[in-house]
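One structure below.
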Amino acid sequence: MVNINEPTMFLIGLVEKACLVVAIDAQARYATAFIKGDFTLPSKQTMMVEWKGHADALRDEGRPQSHIHLLDDKEDAYYAALTKESGISRVPPVLSRIRSHDTEEKRKNLYTYRDYEYIVVDNETFTRRLEK
Ligand SMILES: *[C@@H]1O[C@H](CO)[C@@H](O)[C@H](O)[C@H]1NC(C)=O
């Protein structure tokens with residue numbers, strides 16, 4: 001999300017397989033916290049080493065470089081990392097769980113998965129019920 005060569009430039013919303021609205025909100029809060037001076041970024045060199053490690057891991061798994069923005073089962077860990085780095089409030093894990101569950105339901109029941117509504121019970125858990 002941070003342009004390592006111009007580390008005051010943030011690219012918000014450049015994620016795949018994530019709840020986009022939630023991701024954009026978290027990234028915007030992260031960028032705002034940075035602009036307000038709530039935290040400082042690591043050095044360019046440190047960020048480059050981290051980015052390269054991520055890119056190398058993708059290559060080693062035989063995946064394309066474009067997957068660098070793919071969150072999927074790492075979505076919640078991503079939000080946890082944003083909170084750890086910047087001190088922004090944590091995206092409740094339940095939101096990634098709902099996205100993940102809904103994606104699975106879409107695969108299994110393409111014609112009926114939209115018939116349900118999700119109810120957040122707490123930061124960790126949800127239920128769902130058939131919409132009337
Ligand atoms: C739920 O998450 C919010 C946002 O991170 C946090 O402020 C709140 O304390 C959490 N609630 C519980 C019960 O952990």
Side-chain angles (χ1 to χ4, degrees):
M1 165 180 42
V2 177
N3 180 340
I4 296 172
N5 293 315
E6 296 294 338
T8 56
M9 179 182 182
F10 291 81
L11 300 160
I12 308 287
L14 202 55
V15 293
E16 283 181 73
K17 294 201 176 177
C19 186
L20 196 55
V21 170
V22 172
I24 287 171
D25 175 71
Q27 291 179 329
R29 289 188 291 113
Y30 179 98
T32 304
F34 173 76
I35 291 163
K36 283 168 55 193
D38 293 350
F39 72 102
T40 52
L41 292 166
S43 69
K44 284 184 185 183
Q45 189 191 353
T46 301
M47 290 193 284
M48 194 55 86
V49 166
E50 189 177 320
W51 184 86
K52 195 172 177 326
H54 195 46
D56 289 347
L58 283 175
R59 197 198 47 237
D60 294 347
E61 291 167 22
R63 295 164 58 196
Q65 194 88 345
S66 63
H67 281 192
I68 205 146
H69 302 292
L70 198 144
L71 292 177
D72 206 11
D73 61 342
K74 298 180 188 80
E75 185 178 7
D76 187 61
Y78 176 71
Y79 299 139
L82 291 182
T83 293
K84 191 170 172 223
E85 287 174 25
S86 68
I88 63 169
S89 67
R90 176 81 161 84
V91 172
V94 67
L95 297 181
S96 303
R97 290 183 184 146
I98 288 173
R99 186 203 56 86
S100 178
H101 186 273
D102 196 55
T103 301
E104 188 59 31
E105 286 301 306
K106 187 178 176 179
R107 274 190 212 112
K108 291 194 295 195
N109 308 302
L110 184 60
Y111 297 108
T112 58
Y113 83 97
R114 287 193 175 121
D115 297 345
Y116 294 85
E117 66 180 346
Y118 288 88
I119 298 126
V120 172
V121 176
D122 56 36
N123 284 347
E124 305 289 330
T125 50
F126 67 88
T127 59
R128 67 172 204 153
R129 68 171 173 231
L130 208 51
E131 257 182 327
K132 288 170 197 122

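Heavy atoms only: backbone and side chains are in, while hydrogens, waters and symmetry mates are out. Just so you know, ligand 1 is whichever comes first in the structure, and atom 1 is the first atom listed for that ligand.
Polar contact check, R90 against ligand 1: a nitrogen or oxygen pair lies under 3.5 Å apart.
Within a 4.0 Å radius of atom 2 (O) of ligand 1, the protein contributes one or more non-hydrogen atoms. Within a 4.0 Å radius of atom 7 (O) of ligand 1, the protein has no heavy atom.
Side-chain contact between H101 and Y118 is present, with at least one heavy-atom pair separated by less than 4.5 Å. In this structure the side chain of Y79 reaches within 4.5 angstrom of the side chain of V22, judged on heavy atoms.
Summarising the local packing, CD of E61 is surrounded by more than 12 heavy atoms from other residues, nucleotides or ligands at distances under 6.0 Å.
Considering NE2 of H54 and NZ of K52, their distance stands at 13.5 Å, rounded to 0.5 Å.
Within ligand 1, counting atoms from 1 as listed, the ones closer than 4.0 Å to a heavy atom of N123 are 1 (C), 2 (O), 3 (C), 8 (C), 10 (C), 11 (N), 12 (C), 14 (O).
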